[in-house]
Protein chains: 2
Amino acid sequence: MGTQQIDYYSSQDKMYVAADCIVFGFDEDELKLLIFKRRVEPDKGNWSLIGSFVKIDEDVDDATRRVLKEITGLDNVYFEQSYTYGNANRDKGYRCISIAKYALIRIEEYDKNLVEKHGAYWYKINELPKLTLDHDKMVIDALNKLRRKARYQPIGFELLPEKFTIPQLQSLYEAIYQRKFDSRNFRKKVLSLKVLEKLDEKDKSNSKRGAFLYKFNNKNYERLLNSGYNFEI
Amino acid sequence: MGTQQIDYYSSQDKMYVAADCIVFGFDEDELKLLIFKRRVEPDKGNWSLIGSFVKIDEDVDDATRRVLKEITGLDNVYFEQSYTYGNANRDKGYRCISIAKYALIRIEEYDKNLVEKHGAYWYKINELPKLTLDHDKMVIDALNKLRRKARYQPIGFELLPEKFTIPQLQSLYEAIYQRKFDSRNFRKKVLSLKVLEKLDEKDKSNSKRGAFLYKFNNKNYERLLNSGYNFEI
DNA sequence: TCAAAAGTGTTTATGGTACACCCATGA
DNA sequence: TCATGGGTGTACCATAAACACTTTTGA
């Protein structure tokens, strides 16, 4: 805050602040979004992102972690801040500012029991139903942020299992950018970054021959980031 | 907001929301930041960004415009959202969430009378004093956002007068990125974008020979953006 | 006439892009 | 044996980077 300290909030009206989460996952070569069918009014039956009001003594990031934990059962979910939506009339009936965060989760780690409990479903990113309020825009914005970020940080790894194959990594990037890449050029590029460690195991779930598994080398990644680079696939 | 509608705000405590502005300007080959010496408690005498609480029925962007208008006397100042700062203890005594915006203004258009009125000063970006609270971090984050954005949008034009020379444009980019560029390569690059229109006038304020003035061609810029590009100087 | 900034071209290096075939294996 | 996905190398082109001298003109 700056120089002004006028009490604008002396009226009865309350300013609500919500941490809303755009939860991306990757599964079966598809980028997916976790959304919820509202089971209470207002807007019962409509699809929505998940979120929660931020408590008065709670960091916004902690509110985000709380929401993600409740929904996915996971601690330490990767998330980044997207935009903050502050139009006075964006919500119905009350003033609510939404601080949007996008999260990336490995679908196979996701606790499936939580789905039914919360009325949650994974939708393919290009088959989404209409969402409530301005949530459609929030998804578009988050996806654009993800795409932009994935260009200069190998963020995509957050969406893959710990061990993954290069064809898997490629199909993830194809899902994020919604276009095909040449497999020779893709492989050349990601290997040139030297952040992948080849393992002795193969994953044979997709082919008879099997594809070598790799894991992500965090130490080399740090080095890469500090030297400043650009993914540019 | 998502599925939860619990009333976390039933206590006396209020959640404040502020629109805080990181105002960049360009002058005499230097990138500058507009900051304020607080003349009231708390934190009297400390340097601070400018901001205001968001009114209950006011869009956050409108609050930003209100602040910028009051400080600079200008309508239609260019601004972008930076981060939202939501730590519970980031402000003193009360809970305040800060939605940070960075603004770019042409210093010569700035109404100098407003400086004294608000206790405002332009500081060179690399000679800033310590700012109050987390405002130092807000400036660093905003500067990084500006740098990143300037790579894929010719955002720098917002900081220059309507008519400007190529050496001026270069020194702006040198101020933003804090490094030198080769003048031949810089000129080649910006002219290749075809968003500059050469005028018949010269600016002789910096040399006897004078440098041709250019203006920014908005139509070509739109075309450029839609075709997707990357400034990459 | 000279100091100081404006303006101009070419060469080299790097990295992106396009492109087609062989390999391994389980069914 | 064959269908399927995994894996490899090369040639070309576009663009970034490095680099030095001439021009203009007011003082």
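Each chain gets a letter, A, B and so on, in the order its sequence line appears, and its residues count up from 1. Values reported hereafter were calculated over all heavy atoms of this structure, with side chains retained and with hydrogens, waters and symmetry mates removed.
- Distance, Asp203(A) CG to dT25(C) C1': 14 Å, rounded to whole Å.
- Salt bridge annotation for Lys101(A)-Asp20(A): absent, with no cationic side-chain nitrogen under 4.0 angstrom from a carboxylate oxygen.
- Residues satisfying the side chain to side chain contact (heavy atoms under 4.5 Å, CB included) criterion with Lys208(B), sequence neighbours excluded, are absent altogether.
- Among pairs with a residue in residues 139-148 of chain A, those fulfilling salt bridge (charged side-chain N to carboxylate O under 4.0 Å, His left out) read Lys137(A)-Asp141(A), at least two apart in sequence or across chains.
- Here the P atom of nucleotide dG9(C) and the CG atom of Asp182(B) are 15 Å apart, to the nearest Å.
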What does the list of N/O pairs under 3.5 Å between the protein and nucleotides 4-6 of chain C look like, with a distance for each?
residue: dA6(C); atom: N3; partner: Arg209(B); partner atom: NH1; Å: 2.5

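- Nucleotides of DNA chain C nearest to Arg184(A) and Leu191(B) differ in position, and the one nearer the 5' end is that of Leu191(B).
- For the side chain to side chain donor-acceptor pair (under 3.5 Å) test, residues two or more places apart in sequence or in another chain that qualify with Glu174(A) are Gln170(A).
- Across the protein-nucleic acid pair, Lys189(A) atom NZ and dG7(D) atom C1' stand 20 Å apart, rounded to whole Å.
- Every residue two or more places apart in sequence or in another chain was checked for a side chain to side chain donor-acceptor pair (under 3.5 Å) with Asn76(A), and none qualifies.
- A donor-acceptor contact under 3.5 Å is formed by the side chain of Lys188(B) with the base of dT10(C).
- When heavy atoms are screened at a 4.0 angstrom cut-off, Lys204(B) is found touching the sugar-phosphate backbone but no base atom.
- We find that CG of Asp29(A) is positioned 11 Å from P of dG5(D), with the value rounded to whole Å.
- With sequence neighbours excluded, the residues satisfying side chain to side chain donor-acceptor pair (under 3.5 Å) with Arg184(B) are Asp182(B).
- Rounded to whole Å, the distance from CZ on Phe181(A) to P on dG15(C) is 19 Å.
- The distance from atom CG of Asn185(A) to atom P of dT8(D) is 14 Å, rounded to the nearest whole Å.
- The CZ-P distance, from Phe186(A) to dG9(D), rounds to 19 Å in whole Å.
- Atom NZ of Lys180(B) and atom P of dC19(D) are 17 Å apart (whole Å).
- Aromatic pair Phe157(A)/Tyr221(A): ring centres not closer than 6.0 Å.
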